[in-house]
Colleague: 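One structure, pasted below without further comment.
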Amino acid sequence: MNILAEIKRRFSSVLSEYADHPAPLLDMIRPVQDARHGDYQANCAMPLGKKLGRPPRDIAAEMVARVDLADFCQAPEIAGPGFINLKISDAFLLASLETARRDARLGVAPTAQPKTYVVDFSSPNVAKSMHVGHIRSTVIGDALCRLLRFLGHRVISDNHLGDWGTQFGMIIYGYKHFRDGAAYSTQPVKELERLYKRVNALLEYHAGKAKLPQLEQALADKQAEHAAAQAAPKSDDKKQAKRDAKHLKDLEKSLADLRKQREVVQQKIAAVEKDDALRQDALSHPEIAQAVLNETAKLHAGDAENRQLWDEFLPQCRASIQKIYDLLGISFDYEYGESFYHGRLGQVVQDLEKRGLARQSDGAMCVFLDQFETPMIVRKRDGAYLYATTDLATIAYRLEQWRPDAILYVVDHRQGEHFGKLFAVAAQMGCENVDLQHIGFGAVLGEDGRPLKTRSGENVPLDSLIAHAIEAAHAEVCRIDEEAGLLSEEQREKVSRVVGVAALKYADLVQNRESDYVFSYEKMVALRGNTATYMQYAYARTQSIFARGGIDIESLRNSAAVISINEPAERALAMELLRFSEALEECGADYRPNHLTGYLFELAKQFSVFFEQCHVLKAETEALRDSRLLLCDLTGRTIRQGLELLGIQVVEKM
RNA sequence: GCCCCGGUAGCUCAGUUGGAUAGAGCAUGGGAUUUCUAAUCCCAGGGUCGCAGGUUCAAGUCCUGCCCGGGGUGCCA
C-alpha cells in the first residue's frame, strides 16, 4: 500500500472544506526530511492561515481534530508555525508488513489508470559498433520500461535502429573496393567493421585536405582580428571597456577552438599518410565522398545489387550489436529501424504540403514554426529525406499500430530543439491525444570534464567499457574473497560479471538523468558507497543468514510466524520497506530512475544498521528470530525487485 | 546574435517542484571486529547554495539583472 497516498486520501475531504481546489494543498503532504519530525508531514496550514487570515496553528489543530487517522497514525503533533507531524503507528506498520510479506508484488498495487507507453531508446547505428554515447539511452530506457511495466502500464519498447543511412553506403563502397574475401567469409562482422573504418578514414582524409586551407585562413583572420582588438586603445567608457574585454576573451576562445580543429584534421590526414596502403587508396579514390553518396542513393532507390548487399550485411551488423545487449541483459519488443519507414517518407511530405504546413525554401521542403527561428526541413534540396521526416512517419505508424497514450524518446538532451519542432509539427498534424515526451539526458564526461574519449580521441567502445567494468569487479572480488574464501573460481567470475555490469549501469542510473556526469573507472572499481554493489552485498547478507541458519525462508514466509517491532533499527527498516511504492511512483511521475536508486540505498543502509544492531540467528527468543528473519526476507526481496526494475541482477553469495 | 541547460562541502553529485537546523558518497581524522559476509557500522571536521536585487508566513527551489561554464542554432543524426 502507498501510505502517502492513503494519508492524502484521508485529508482530502477535510481540505476541500477549506479550499475550492485542494489539490495543491494535498501536495504539501509528504514524507518528512528529518526523522525527528515523525514519518510524514502536512504543511497546508500555513498557506491556509494566510488565505483565511487566521493563525495557522489554529487551523492545523482544527484539521487534526477532523481528519480520521487513528487507525494508522499516532496522535498528530503540531509544530513550529503550523506543521502537522504524523507518525505511523506500529500496529499499522505491522499490518502493512504482513500484507507485503505474502504478496508477490511486495504490497505495491498496480496503477488504477494503466496507460500504453511506447518507449523509443538505444537506437544505435548498426553499421558502427556501439560506444559510450549509447549507454545512457540504453540503460535509462530499459529501466523506464521495466518500471512502467511494474507499475501496471502497457509498455512497448522499440529500438529505432539507424539501419538506412550513409553508413551503409560506406560499407557497400568499402565492400566493392577494399574487401578481403577470405576475411569476410570467416569473420564477416569484423571485416565489415574494418571496411567501415577504412572508408571513414579516407573520407576524413579528403574532407580534411579540403578543409585545411579554409581552417588556416580562418585561423589567420581570427589572429589578425585578435591582434587588432588587442592593439586597440582602451575605451574610457567603462561599459564599452568591459564589452571589449569580453570580445577579446571570445576571440581567444574561438582561436583555441580553431587550433584544436586544425590539430584534429591534421591528425586524420597524418593517419592516412603514414600508412602506405591507406595513402595509395586515398590517391586512387579521390572522389570517394561523392561515390559513397551515390551508393547510398542507389540503395535508397532500390538498386538490386546494393539492396542485396544491404540484406546480407544488416543481420550481421545487428548480430554484433546483439552481443552488447546480451552482456547488458537488454531486449526490445520491436525493432522498426529507419529502413522500415523508407517507403512512407514521400507520403509524409505530401501530407504536410497538402495541409499547407510545408513549403519550398531554398529548394528544400520546410515546415516553419512560430516558436522556432529555423524551420524543420523534411526534404533536402537534393530530394533526400531527413531524420525529421522519418520521425514523423514513425509517430504516425506508432499511433496507428499501438494507439499509445504517450511516446517517450530517450535521447541525448542536445536534440531538444529537434524534438520541440517534431512535437509541434505532430500536434499540427492532429496528434493531440498522445503525450510526446523527450526524455533527455546529459553527456558522459571524462575526468577532464570533456566528453569521454579514448586517448586517441575516439569514442570509447561499449564492449571495452563493459569488459573494463567486469575486470575491475573481478579484481575486487578476488581481493576480498582472498580472506573469506567463500567462492570458487567459477563463482568469482559469475559474481564479477553481475557486479561489473551492475556497477556500470548503476553509475548511470544514480545520476539525475538531465545532468552531465563524470565517468570514473576508479570510482566504479571502488564498488563502495552509493553503488549497486552495496545493495547487492546487502542482498547477499540476507541470503547468507538463511543459509547459515538452515532456514527454509519460503515456508517461514507462509507460516503463522509474525513480525514484531522492538528496536529502533527494526522500526526504521520496516518504515523504509513500506516506502517502496512511493519511490516507484516518483520514478513514474518524472521518468527518473534515480528516485529508485536513492530509495534502495536508504533501504540497504537501514538494513546494514539493523544487521549490526539486531542479531537474527542469535535472537533471544524463537519468535523474535522469526520476526527478524521475515524482515530480512522482505528486505532481500525488495532489493532484488528494485534492482531488477533497474535492469540489475543480484547474486546469492559474494 | 538568439535559444536551452548548469553553477550546492576539497572532489563527484542529490535536493521529492516553496517548508523546520541544506544532504549523501568519496577523500580527511578518530573509533568498533573471537562477525548471522568488515564490500560493514559509529563519531568528527568541512557551506556566502555563482553575484545582486525582488516576490512571501517561509527561497538552494519562483521572478529580474549580471558573472562563469556547457550545449544547440536550414539541408548530419
Colleague: If the glycosidic angle sits within 90 degrees of zero it is syn, else anti. Tell me which applies to B/U17.
Modeller: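 Glycosidic conformation of B/U17: syn.
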Colleague: To the side chain of A/Met654, which of B/U37, B/U16, B/C26 is closest?
Modeller: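 Selected nucleotide: B/U37.
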Colleague: If you look at every strand shown and take non-hydrogen atoms under 4.0 Å, does A/His418 touch a base, only sugar-phosphate, or nothing?
Modeller: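 Nothing, no nucleic acid heavy atom in range.
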Colleague: What's the gap between B/G6 and B/G50 when it is taken at their C1' atoms, as a whole Å value?
Modeller: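 Rounded to whole Å, the distance is 11 Å.
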Colleague: Tell me what A/Leu386 touches on the nucleic acid: a base, only sugar-phosphate, or nothing, going by heavy atoms under 4.0 Å.
Modeller: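 Sugar-phosphate, no base atom in range.
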Colleague: Using purine N1 to pyrimidine N3 plus N6-O4 or O6-N4 for Watson-Crick, or N1-O2 and O6-N3 for G-U wobble, each under 3.5 Å, what pairs with B/A27?
Modeller: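 Its partner: none found.
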Colleague: What nucleotide, of B/C36, B/A20, B/U40, holds the atom closest to the side chain of A/Gln41?
Modeller: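 Nucleotide nearest to A/Gln41's side chain: B/A20.
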Colleague: Using Watson-Crick or G-U wobble geometry with both distances below 3.5 Å, tell me the partner of B/G19, or none.
Modeller: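 With both distances under 3.5 Å, B/G19 matches B/C57.
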Colleague: Would you call the rings of A/His418 and A/Tyr387 parallel, tilted or perpendicular, where under 30° means parallel and over 60° means perpendicular?
Modeller: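 Aromatic pair A/His418/A/Tyr387 classed parallel.
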Colleague: Output the single nucleotide from B/G74, B/C36, B/U37 whose closest atom is nearest the side chain of A/Tyr537.
Modeller: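 Out of B/G74, B/C36, B/U37, the nucleotide with an atom closest to A/Tyr537's side chain is B/U37.
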Colleague: Base, sugar-phosphate alone, or nothing: which one does A/Asn512 contact when heavy atoms must sit under 4.0 Å apart?
Modeller: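 Sugar-phosphate, no base atom in range.
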Colleague: Counting Watson-Crick and G-U wobble pairs only, both distances under 3.5 Å, name the nucleotide matched with B/C76, or none.
Modeller: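 The answer is none; no pair meets the criterion.
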Colleague: What does A/Phe441 touch in the nucleic acid at a heavy-atom separation under 4.0 angstrom: a base, only the sugar-phosphate, or nothing?
Modeller: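 The answer is nothing, as A/Phe441 stays clear of every strand by at least 4.0 Å.
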Colleague: Could you tell me whether the side chains of A/Thr374 and A/Lys421 share a donor-acceptor contact shorter than 3.5 Å?
Modeller: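 Yes.
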Colleague: Are the ring of A/His615 and the base ring of B/C36 both nearer than 5.5 Å at their centres and tilted by less than 30°?
Modeller: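 Per 5.5 Å and 30° rule: yes, stacked.
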Colleague: Can you check the distance between B/G18 and B/A58, where both ends of the measurement are the C1' atom (answer in whole Å)?
Modeller: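 To the nearest whole Å, 7 Å.
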Colleague: Distance between the C1' atoms of B/U64 and B/C75, in whole angstroms?
Modeller: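 These two C1' atoms come out 39 Å apart once rounded.
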Colleague: Does one side chain, of A/Tyr517 or A/Asp508, offer a donor that lies under 3.5 Å from an acceptor on the other?
Modeller: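 Indeed, the side chains of A/Tyr517 and A/Asp508 share at least one donor-acceptor pair under 3.5 Å.
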Colleague: With rounding to whole Å, what would you report as the distance between B/C41 and B/A22 at their C1' atoms?
Modeller: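 That atom pair is separated by 25 Å.
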Colleague: With a cut-off of under 6.0 Å to the ring centre and 45° to the axis, is A/Arg541 in cation-pi contact with A/Phe611?
Modeller: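 Here A/Arg541 passes the 6.0 Å and 45° test against A/Phe611.
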Colleague: A/Asn594 has a side chain; which of B/U40, B/G15, B/C75 sits nearest to it?
Modeller: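 Taking heavy atoms from C-beta onward, the closest nucleotide is B/G15.
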Colleague: Looking at B/C36 and A/Phe611: do their rings stack (centroid distance under 5.5 Å, interplanar angle under 30°)?
Modeller: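 Taking the rule of under 5.5 Å and under 30°, the ring of A/Phe611 does stack on B/C36.
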Colleague: Would you kindly check if the NZ (Lys) or CZ (Arg) of A/Arg359 is within the cone defined by 45 degrees around the ring axis of A/Phe368 and under 6.0 Å from the six-membered ring centre?
Modeller: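 Relative to the ring axis of A/Phe368, which defines the angle, A/Arg359 lies inside both limits.
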Colleague: For atom P, what is the distance between B/U37 and B/C49, given to the nearest Å?
Modeller: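 Each nucleotide's P atom is 46 Å from the other's.
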Colleague: How is A/Phe372 classified with respect to the nucleic acid when contacts are heavy atoms under 4.0 Å: base, sugar-phosphate, or nothing?
Modeller: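 Result for A/Phe372 = nothing.
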Colleague: Checking all strands, does A/Lys653 fall into the base, sugar-phosphate, or nothing category for heavy-atom contacts under 4.0 angstrom?
Modeller: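 Base contact - A/Lys653 has a heavy atom under 4.0 Å of at least one base atom.
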Colleague: Take A/Phe441 and A/Phe121, measure what ring pair (Phe, Tyr, Trp, His ring centres under 6.0 Å) needs, and give me the verdict at the end.
Modeller: CA-CA 12 Å; A/Phe441 53 81; A/Phe121 70 101; over 10 Å; no
Colleague: Does B/G69 have a Watson-Crick or wobble partner in any strand here, with both distances under 3.5 angstrom, and which is it?
Modeller: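 B/C5 - that is the nucleotide pairing with B/G69, both distances being under 3.5 Å.
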Colleague: Counting just side-chain N and O atoms, does A/Arg379 come under 4.0 Å of either OP1 or OP2 of B/C75?
Modeller: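 False: A/Arg379 side-chain N/O out of range (4.0 Å or more) of B/C75 OP1/OP2.
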Colleague: For the side chain of A/Arg381, counting heavy atoms from C-beta on, which of B/C75, B/A77, B/G71 is nearest?
Modeller: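 Nearest to the side-chain atoms of A/Arg381, counting from C-beta on, is B/C75.
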Colleague: Looking only at atom C1', what distance separates B/G29 and B/A39, rounded to whole Å?
Modeller: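 22 Å, rounded to whole Å.
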Colleague: Regarding A/Tyr534 and A/Ser608, is there a side-chain donor-to-acceptor distance under 3.5 Å anywhere?
Modeller: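 On atom types as modelled, these side chains qualify, holding a pair under 3.5 Å.
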Colleague: Measure from the ring centre of A/Phe83 to the centre of the six-membered ring in the base of B/G19, then say whether that distance is under 5.5 Å and the planes meet at under 30°.
Modeller: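 So A/Phe83 does not count as stacking on the base.
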Colleague: Using a heavy-atom cut-off of 4.0 Å across all strands, would you classify A/Glu652 as base, sugar-phosphate, or nothing?
Modeller: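 The answer is base, as A/Glu652 lies within the cut-off (heavy atoms under 4.0 Å) of a base atom.
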Colleague: Using atom P of each nucleotide, how far apart are B/A24 and B/C66 to the nearest Å?
Modeller: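 So the two P atoms sit 37 Å from each other.
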Colleague: Ring stacking, A/His413 with base of B/G71, under 5.5 Å and under 30°?
Modeller: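 A/His413 vs B/G71: stacking no.
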Colleague: Looking only at the side chain of A/Ile377 (C-beta and beyond, no hydrogens), which of the listed nucleotides B/C36, B/G74, B/G19 gets closest?
Modeller: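 In terms of side-chain proximity for A/Ile377, the closest of B/C36, B/G74, B/G19 is B/G74.
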Colleague: Return the value, rounded to whole Å, for the distance between atom CD of A/Glu373 and atom C1' of B/U73.
Modeller: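 After rounding, the gap between these two atoms is 8 Å.
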Colleague: To the nearest 0.5 Å, what is the distance between CE (A/Met535) and CD1 (A/Ile648)?
Modeller: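 Rounded to the nearest 0.5 Å, the CE-CD1 separation comes to 7.5 Å.
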Colleague: Checking all strands, does A/Arg479 fall into the base, sugar-phosphate, or nothing category for heavy-atom contacts under 4.0 angstrom?
Modeller: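 No contact.
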Colleague: Can you figure out which of B/U12, B/U37, B/G70 approaches the side chain of A/Arg450 most closely?
Modeller: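 In terms of side-chain proximity for A/Arg450, the closest of B/U12, B/U37, B/G70 is B/G70.
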Colleague: Picking from B/G19, B/A20, B/C76, which would you name as closest to the side chain of A/Lys380?
Modeller: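 Shortest atom-to-atom distance from the side chain points to B/C76.
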Colleague: Counting the atoms with a prime plus P, OP1 and OP2 as sugar-phosphate, which does A/Cys614 contact under 4.0 Å by heavy atoms, base, sugar-phosphate, or nothing?
Modeller: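 Here A/Cys614 touches the bases of the nucleic acid.
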Colleague: What contact category does A/Asn85 fall into here, base, sugar-phosphate, or nothing, at under 4.0 angstrom with non-hydrogen atoms?
Modeller: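 A/Asn85: base contact, heavy atoms under 4.0 Å.
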Colleague: In terms of side-chain heavy atoms of A/Met46, which of B/A14, B/C36, B/G19 is nearest?
Modeller: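 Output: B/G19.
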